[in-house]
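Position 1 is the first residue of the sequence; numbering continues from there. Just so it is clear, the model here is predicted, and its values are computed rather than measured.
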Amino acid sequence: MASPETFPKIISVDDHTVEPPHVWRDRLPSRYRESGPRVVRAPLKQMTFLGGKFAPVMGRQGDDGPIGDWWVYEDLHRPLTRLDTAVGYDREEIRLEVITYEQMRPGSYSVPDRLADMDVNHVQSALCFPTFPRFCGQTFTEAKDRELGLLGVRAYNDWMVEEWCGPEAHGRLIPLTLIPLWDAELAAAEVRRNAARGVRAVAFSEIPPHLGLPSIHTDEWDPFLAACDETGTVVAMHIGSSSRMPSTSADAPPAVGSTITFANCCFSMVDWLMSGKFERFPNLRIMYAEGQIGWIPYILERADVVWEENRGWGGVADKVHRPPSELFAEHVFGCFFDDAFGLRNLDSIGVGNVLYETDYPHSDSTWPKSREVGEAQMGHLAPDVVERIVRGNAIRLLGLTDSGLWSGA
């Protein structure tokens, strides 16, 4: 069994970066400096988070209200909030409120400070999802100016590869890039552009139709999926990457949605298993960030029953030729940071299909005790199994060096 002295250094496959103000200011053509994403300090007029919908309203200079830093882009006004960067605060102090960069932990946006906080948390390497672009770049997809949107995606990717994961990170930060979701051919080109410089993960939406985009049951995404298949680029889907968090009613408090955040991952995984894409693109791999893993065994059991008994009338007999559980074992990875139940049922999921994460710097994060949480929940597992979950599976999936670092192209 694993002991505290031997617990492996963590490779977290789901952390987050809060982009510093200069990301687009320094990388967009000068003609777009005033219309591209930029940070403005302004008061909050009102802000609600009900029924899974986040609705902030920015006040004008001189208005009453708490002051925060806001990202402004076309008609979008998106504040930085305490939920974006909650680590280091007592749970009772974490509220839905606007903040400035000075009020957040520097490791949220500064590479040296991030590495220091990773050291505190027994983390060697980390893959980070975006904040302002949202989890798969929906911000740019919803914008009116497609030319500016494409430049915004590319600017983010350049910053991610060259600066956030640049020399200062010493290989400890693993790049995750975005695509222009509105055009699968452009998306494929962006996957290949980044794969040429060593990127092996790209963000995608868990349920694209929620964004007004085609489902994966169509052929619309095939150019993008072909590029991922050819380059070994993992399709990474974070909870909330469909811009619709699970909820039950328009007035349900955030606690309802927070409890059932795995639901979108559950729906999405069934989509993929019944889509036929894994047979068309045999090298394709997908992962579900922050979705936890305890729900997976039943879904696989049910999907196999449906495939066995109902595929004739279920619309999948001509494209899904193997049991969904077999496809899962070869193509799907679940990610967790706190799921003792899932770990007790690991045999029904698969040791090779599970990845560990810390969710830094969000309110759900186990920082600075991710090691202690892992030790408590994996204490019944053999050391080689713990090693695979905590780092080995991520090394193989993301093409890292044997020592767990990103080496670039």
Side-chain angles (χ1 to χ4, degrees), residues 11-16 126-130 134-138 174 176-179 181 200-211 215-216 221 224-225 228 233-246 257-275 277-278 281 284-303 324-325 327-339 341-343 345-346 348-359 362 364-366 388-390 393-394 396-398:
I11 296 178
S12 174
V13 296
D14 171 32
D15 286 357
H16 299 265
L127 178 110
C128 297
F129 283 81
R134 311 217 298 282
F135 295 143
C136 66
Q138 304 102 296
I174 306 162
L176 171 72
T177 52
L178 304 176
I179 55 169
L181 289 162
R200 291 295 177 267
V202 63
F204 190 63
S205 173
E206 58 202 352
I207 307 176
H210 285 349
L211 303 178
S215 81
I216 62 163
W221 294 108
F224 163 67
L225 298 180
C228 293
T233 300
V234 181
V235 178
M237 293 170 282
H238 194 284
I239 58 167
S241 56
S242 57
S243 295
R244 187 184 302 178
M245 294 297 286
S258 184
T259 302
I260 58 175
T261 50
F262 72 91
N264 280 359
C265 299
C266 174
F267 299 160
S268 175
M269 191 178 82
V270 176
D271 251 354
W272 283 91
L273 293 176
M274 299 298 187
S275 69
K277 298 302 184 186
F278 294 140
F281 303 104
L284 190 63
R285 302 291 184 271
I286 67 174
M287 58 170 269
Y288 288 102
E290 209 173 321
Q292 312 301 341
I293 59 175
W295 53 272
I296 292 175
Y298 172 71
I299 292 300
L300 295 180
E301 178 182 276
R302 177 60 183 165
S325 60
L327 298 173
F328 172 90
E330 296 176 7
H331 298 274
V332 185
F333 295 79
C335 312
F336 78 99
F337 57 82
D338 187 357
D339 192 340
F341 180 83
L343 289 167
N345 293 276
L346 188 61
S348 298
I349 302 169
V351 172
N353 298 87
V354 174
L355 306 168
Y356 199 39
E357 59 182 54
T358 79
D359 196 31
H362 285 181
D364 256 342
S365 178
T366 51
R388 291 183 68 182
I389 293 171
V390 174
N393 291 336
R396 286 181 282 276
L397 180 64
L398 298 171

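With S12 contributing its side chain and T358 its backbone, the two residues share a donor-acceptor pair below 3.5 Å. A donor-acceptor contact shorter than 3.5 Å links the side chain of N353 to the backbone of F328. Side-chain N or O atoms of E206 include none that pairs as donor or acceptor with a backbone N or O of M237 at under 3.5 Å. Put simply, the side chain of D339 never gets that close to the backbone of Q292: no donor and acceptor are under 3.5 Å apart. No side-chain donor-acceptor contact under 3.5 Å links S268 to the backbone of C265. In this structure, the side chain of D14 does not engage the main chain of A289 through any donor-acceptor pair within 3.5 Å. Panel note: side chain R285, backbone E330; a donor-acceptor pair is recorded below 3.5 Å. Distance alone, capped at 3.5 Å, places no donor-acceptor pair between the E357 side chain and the D15 backbone.
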Step-by-step side chain to side chain contact (heavy atoms under 4.5 Å, CB included) determination, H16 to D359: CA-CA 7 Å; H16 299 265; D359 196 31; 3.1 Å; yes
Step-by-step side chain to side chain contact (heavy atoms under 4.5 Å, CB included) determination, F129 to H362: CA-CA 11 Å; F129 283 81; H362 285 181; over 6 Å; no
Worked check of side chain to side chain contact (heavy atoms under 4.5 Å, CB included) between V332 and Y288: CA-CA 8 Å; V332 185; Y288 288 102; 4.0 Å; yes
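Contact of the N393 side chain with the V13 side chain is not registered, since no non-hydrogen atoms from C-beta on lie closer than 4.5 Å. The shortest distance between side-chain heavy atoms of F336 and L343 falls below 4.5 Å. For the pair I239/N264, no side-chain contact is recorded, criterion being any heavy-atom separation below 4.5 Å from C-beta on. In this structure the side chain of F262 never reaches within 4.5 angstrom of the side chain of I293, judged on heavy atoms. With a 4.5 Å cut-off on side-chain heavy atoms, W221 and P208 count as touching. Side-chain contact between F333 and L397 is present, with at least one heavy-atom pair separated by less than 4.5 Å. Side-chain contact between C228 and F281 is absent, with no heavy atoms from C-beta onward closer than 4.5 Å. In this structure the side chain of Q138 reaches within 4.5 angstrom of the side chain of L211, judged on heavy atoms.
Taken from CZ in F204 to OG in S241, the straight-line distance is 9.0 Å, to the nearest 0.5 Å. Atom CD1 in I179 sits 10.5 Å away from atom OG1 in T233 (nearest 0.5 Å). Put simply, CG on L346 and CZ on R388 are 9.5 Å apart, with the number rounded to the nearest 0.5 Å. Interatomic distance, L273 CG to S325 OG, rounded to the nearest 0.5 Å: 9.0 Å. Interatomic distance, CD1 of I174 versus CZ of R200, reported as 13.0 Å (0.5 Å rounding). Taken from CH2 in W295 to CG in L300, the straight-line distance is 8.0 Å, to the nearest 0.5 Å.
Summarising the geometry of P324 relative to M274, their closest heavy-atom pair is CG-CE, 4.1 Å, with the distance given to 0.1 Å. Across Y356 and V390, no two heavy atoms sit closer than the pair CB-CA, 4.0 Å. Of all the heavy atoms in I11 and A394, the pair that sits closest is CG2-CB, 3.8 Å. Residues S205 and S242 approach most closely at OG-CA, 3.6 Å, considering heavy atoms. Scanning both residues, K277 and L225, for their nearest heavy atoms gives CD-CD1, 3.9 Å. Shown here for G334 and I296, the closest heavy-atom pair between the two residues is CA-CD1, 4.4 Å.
Classified by interplanar angle (parallel below 30°, tilted 30° to 60°, perpendicular above 60°), the ring pair F135/H238 is tilted.
Using modelled atom types and a 3.5 Å distance limit, the side chains of N345 and S348 yield no donor-acceptor pair.
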